Colleague: 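Input: one structure, supplied below.
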Amino acid sequence: MLKRMLMVAALMGAGLAAAAEEVSDMAIQLFGKEESGKRVETGALFIDGLYIKGPYEVTRQGNVIFINGRVASRFKVEAKAKAAAEQQAAREAAAKERAEAKAKAAEEAKQAAEDRRTAARAQSGGATPRQRQNIRGGLKERQAQKQRDQAIAAASGQSGFNTDPSGGDPTALFEEADYTYTPPDRPEPKAVPYVRPGAKQNLRQRIAARDERVAAAKKQQQAETADDGEEIATENFDDLTDEEIKAYTEQFAKRRATLETLLARDSLLLLSSQSSGALYKNQTTMCRFVTQLGGLCQAGNANKLISAWGKEIPRAYLQRIYNNRTANSTEMESLVRRAKDIIEAARKRSESRI
């Protein structure tokens, strides 16, 4: 008997040691630890889609919450003050760059205006000999360009199309503007009305196309449920301020107490070991879910389960529950019996009131 107790204690110690490896030593030093306040006998807990059998003990080490020694929730930690300071510095640098660009553009515009005024004074004779010498080449070039533009305009006004009448015939100017109708060599083909490609298919082809669309939609649905895009909690303990450490500690402690309270209320609790995401349902919903789960998971895929509960529970998490259906069905036998008893007691109370 003593050997058995020692073996059980050793296994429990090994399990706690393995769980402790999931937590950073720095996180424990910064945020501390919390032991379980009580053993909770009620509730239904799923972690990553796997049912965890009660009773439950909710503890915390650093930024990680454990339930029965298993990682149940992990919080993201980052130095928000430093990130905010970096963002502010980036905004100030961008504002400074825009101001410098605006000042440079204004200086260039001012210099261009000064150049125009200098050129105007030179044309009116008010410029100094040095200014006339600087702009003489520009004035000559503009005069030459003006002469070229005038020559092009004069040439474009002349036309060589029937300019000289032949034989004094006044209609000769219009001999190339004959709009007499000439019938085509071949008759034009008759107009063919447009017919949609789908209408050209027979019934068998339309059914095959529909089946392909349905299969593609199912494949896309399965891909969406397989990859839920869950954000994994990252940890960065550098540059944390004392205020941030205090706020994080209060947040983690509040979440641990909340999870313990929800289980005590006999709620359905869905958690993820890679993030702080949590979803809970009341006792009535919990009873309906656990009593229906076995039958819904007997299908060949998770579509039946998702169709029944996809509006209340994320589809990706339902897929995880379906993937763990074999282990869940064994561990949930006592929970299912208790849920059925709760439903039956509620039914009897409603009948007695009537």
Side-chain angles (χ1 to χ4, degrees), residues 44-52 181-232 267-275 277-333 335-340 342-344 346-347 350-351:
L45 172 66
F46 287 84
I47 300 177
D48 297 334
L50 179 66
Y51 173 71
I52 307 300
Y181 173 75
T182 304
D185 297 337
R186 297 179 182 179
E188 297 182 358
K190 295 182 179 179
V192 179
Y194 173 76
V195 181
R196 292 183 293 106
K200 298 180 180 179
Q201 299 176 345
N202 55 33
L203 180 60
R204 180 176 299 178
Q205 291 173 337
R206 289 198 294 269
I207 292 175
R210 184 201 62 186
D211 294 341
E212 289 180 1
R213 290 194 300 270
V214 172
K218 288 183 177 179
K219 186 176 180 180
Q220 182 179 2
Q221 177 182 348
Q222 293 175 358
E224 292 176 354
T225 55
D227 183 14
D228 54 358
E230 180 183 0
E231 181 181 359
I232 298 177
S267 303
L268 172 65
L269 194 56
L270 309 176
L271 302 177
S272 172
S273 63
Q274 299 296 322
S275 69
L279 177 67
Y280 76 94
K281 300 293 180 180
N282 58 23
Q283 185 190 58
T284 303
T285 306
M286 182 273 292
C287 294
R288 287 194 300 112
F289 180 74
V290 299
T291 53
Q292 297 176 12
L293 184 60
L296 295 174
C297 288
Q298 291 179 358
N301 51 48
N303 292 340
K304 194 172 181 180
L305 176 61
I306 293 173
S307 176
W309 287 90
K311 294 183 178 180
E312 298 188 50
I313 299 175
R315 302 158 65 95
Y317 206 92
L318 292 172
Q319 181 67 48
R320 291 185 180 184
I321 293 176
Y322 177 82
N323 295 340
N324 292 286
R325 60 189 180 280
T326 303
N328 292 342
S329 62
T330 303
E331 295 293 326
M332 292 177 63
E333 292 179 356
L335 175 62
V336 172
R337 289 195 298 268
R338 184 168 68 85
K340 290 181 178 179
I342 294 173
I343 294 174
E344 181 65 19
R347 185 186 64 81
S350 63
E351 290 179 353

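Every value quoted in this text rests on a predicted model; they were computed, and no experiment measured them.
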Colleague: Mind checking salt bridge (Lys or Arg N to Asp or Glu O under 4.0 Å) for Arg337 and listing every partner two or more places apart, or none if nothing turns up?
Modeller: none

Colleague: Just jot down the ring-ring contact (aromatic ring centres under 6.0 Å, His included) partners of Tyr51, sequence neighbours excluded, or say none.
Modeller: Phe46

Colleague: Between Ser307 and Asn303, is there a donor-acceptor pair closer than 3.5 Å when you use the side chain of the first and the backbone of the second?
Modeller: no

Colleague: Can you sort out the partners of Asn323 under side chain to side chain contact (heavy atoms under 4.5 Å, CB included), two or more places apart, ordered by chain and number?
Modeller: Gln319

Colleague: Would you list the pairs meeting salt bridge (Lys or Arg N to Asp or Glu O under 4.0 Å) in which at least one residue belongs to residues 294-304, sequence neighbours left out?
Modeller: none

Colleague: For Asn202 and Gln205, which heavy atoms make the closest approach, and how far apart are they?
Modeller: OD1-N, 2.8 Å

Colleague: Do any N or O atoms from the side chain of Arg338 and from the backbone of Leu335 form a donor-acceptor pair under 3.5 angstrom?
Modeller: no

Colleague: Hey, what do you get for CG (Leu318) to CG (Leu305), rounding to the nearest 0.5 Å?
Modeller: 4.5 Å

Colleague: The test is side-chain contact (heavy atoms from CB on, under 4.5 Å); show your working for Asp48 and Ser272 and say whether it passes.
Modeller: CA-CA 5 Å; Asp48 297 334; Ser272 172; 3.6 Å; yes

Colleague: Kindly write out the residues that satisfy side chain to side chain contact (heavy atoms under 4.5 Å, CB included) with Glu344, not counting sequence neighbours, or none if the list is empty.
Modeller: Arg347, Lys348

Colleague: Suppose we screen for side chain to side chain contact (heavy atoms under 4.5 Å, CB included). Which residues come up paired with Ala278, at least two apart in sequence or across chains?
Modeller: Arg255, Leu271

Colleague: Report, one line per pair, each donor and acceptor closer than 3.5 Å where one atom sits in a side chain of residues 289-299; sequence neighbours left out.
Modeller:
from   : atom 1 : to     : atom 2 : distance (Å)
Thr291 : OG1    : Cys287 : O      : 2.7
Thr291 : OG1    : Arg288 : O      : 3.0
Gln292 : OE1    : Trp309 : NE1    : 3.1

Colleague: Considering residues at least two apart in sequence or located in another chain, which fulfil the side chain to side chain donor-acceptor pair (under 3.5 Å) criterion with Thr284?
Modeller: none

Colleague: Starting at CD1 of Ile306, measure out to CD1 of Ile313 and round the result to the nearest 0.5 Å.
Modeller: 11.0 Å

Colleague: Working to the nearest 0.5 angstrom, can you tell me the gap between Ile321 CD1 and Asn328 CG?
Modeller: 7.0 Å

Colleague: To the nearest 0.5 Å, how far apart are CE in Met286 and CG in Leu45?
Modeller: 12.0 Å

Colleague: Please round to the nearest 0.5 Å and tell me the distance separating atom CD of Glu331 and atom CG of Asn324.
Modeller: 11.5 Å

